[in-house]
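Below: the structure, in structure tokens.
Numbers restart at 1 for each chain; the letters A, B, ... are given by sequence-line order, proteins then strands.
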Number of protein chains: 2
Amino acid sequence: MVETTRRQAIEDAASSLFHEHGYSGTSVRDIARALDIQGASLYAHVTSKEEVLWSIVERTATRFEAAADAATVGIDDGDAAGRLDVLVRAHVGVVIEDVERASVFVYEWRSLASSKRSSISRRRDAYEARFRSVIEQGVASSTFDAVDPIAATAFILTALNGLVAWYRPNGRLQPADVADAYAGLALGAVGGAATARHEGTPR
Amino acid sequence: MVETTRRQAIEDAASSLFHEHGYSGTSVRDIARALDIQGASLYAHVTSKEEVLWSIVERTATRFEAAADAATVGIDDGDAAGRLDVLVRAHVGVVIEDVERASVFVYEWRSLASSKRSSISRRRDAYEARFRSVIEQGVASSTFDAVDPIAATAFILTALNGLVAWYRPNGRLQPADVADAYAGLALGAVGGAATARHEGTPR
DNA sequence: CCTACCGATCGGTAGG
DNA sequence: CCTACCGATCGGTAGG
């Protein structure tokens, strides 16, 4: 990976280690060792270990939000299947673009101290609500089966996030294959697959 | 919770703390404090922190395996939808019966040292293969849609495991509601819901 | 189950 | 970015 700044290299190394061993399972000296510098030297670039976590989590939260914004622009409010399709593809795209940072965002945000933690918690809730309202609307319009929207949202979002545990950039499935597969599975879960599959999946 | 032995109380406290803060984020003294004893006193009952993790993880692995065994007994090999339905319900049942231990099993086994870690890794692979072969068979018999069995298995199992992040014992949904909802969503994901829903979901 | 203690490592600072 | 160092905490042991 080509690094533009030292700071970016630090966050790359930290993302990789936090992904593999967790935030508490990674020491400042582990991060430094990955960059071939002394532990104390890290503090020339960062103010604390938690600040590094915060930076990764905050930026990744923004990427998920921006991708969902971009994906749903111009899609008819009444088209629940189409909206869920693009939301799923957007989410999968952000995960696959940087599995390590996505993994840290998804699983390590709880290690943040209370104020930052609750800030992320609220943004996660709002993000989840986008999926839920699409599902509620699909159920209301009978586009989807009569699923429980809260359970269905949790089911789908945790399935999408689970990608970070098994997706490998140079594995059998190309990013587009994963996006297609996951969009089909998610739509199928709520009973909206038949419609979406017959219509294709326009973006 | 009624404790039969001190050892059990230790594993209860550890499961709760490992679930909330992770294995590395929990100290031996944290566990001791939850039991109102000194940190060093824990070693009268356990040989190491990792042994406590191992005990929780190993027992929970066995519970998942036993539940899958029991659920599939007497179900026709050719009935992919029926088999997937009971596998999903069995998995959800084990998670809901003890969310904290299930969470530790699912997310903290990576903290085990190499030999125990690879033992659990193999058992997880074998367990996952049960789901995958049912899905492969359902696809082959056109009971299910032509999903990618590896992706579909990962999608479904990570969704089921994601339960530990949001299920609350005294929440809105009763265990049976969650099992029904998740069985429907999982069957739907692979396109087998119509069949299962019309047939009902016998156990 | 306690007190007293061990060496190692933790996140972080001082001063260059 | 380094060396030298800080107090706190880590998992664990000795001996009762």
inquiry  = What's A/T26 touching, base or sugar-phosphate or nothing? Going by heavy atoms closer than 4.0 Å.
reply    =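 Answer is sugar-phosphate: A/T26 comes under 4.0 Å of backbone atoms only.
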ask   = So is A/R124 actually on top of A/F64's ring, under 6.0 Å and inside 45° of the axis?
value =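 The answer is no, since A/R124 fails at least one limit relative to A/F64.
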request  = For B/A14 and B/V52, work out which heavy atoms get closest and say how close.
outcome  =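 Closest heavy-atom pair between B/A14 and B/V52: CB-CG1, 3.6 Å.
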ask   = How close do A/A113 and A/E50 get, heavy atom to heavy atom, and via which atoms?
value =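 Heavy atoms only, the tightest pair is N-OE2, 2.7 Å.
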Return yes if some donor-acceptor pair links the side-chain N/O of [X] with the main-chain N/O of [Y] below 3.5 Å, else return no.
X      : Y      : value
B/R117 : B/R110 : yes
A/R83  : A/V134 : no
B/E100 : B/H19  : no

request  = Anything under 4.0 Å to a heavy atom of chain B counts; send over the first and last such nucleotide of DNA chain C, read 5' to 3'.
outcome  =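 Contacts span C/dC1 to C/dA4, reading 5' to 3'.
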query = Stems in DNA chain D: runs of 3 or more consecutive Watson-Crick or G-U pairs, distances under 3.5 Å?
reply =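 DNA chain D stems, ordered by first number: C:1-16 with D:1-16.
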message = Which is more 5' along DNA chain D, the nucleotide nearest A/I37 or the one nearest A/R29? Just name the residue.
response =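 Closest to the 5' end, via its nearest nucleotide, is A/I37.
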request  = Quick one: do A/Y107 and A/Y23 satisfy ring-ring contact (aromatic ring centres under 6.0 Å, His included)? Show the steps, please.
outcome  = CA-CA 9 Å; A/Y107 296 117; A/Y23 177 75; over 10 Å; no
A/Y182 ring center near A/H91 ring center (under 6.0 Å) =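 Ring-ring flag for A/Y182/A/H91: false, centres at least 6.0 Å apart.
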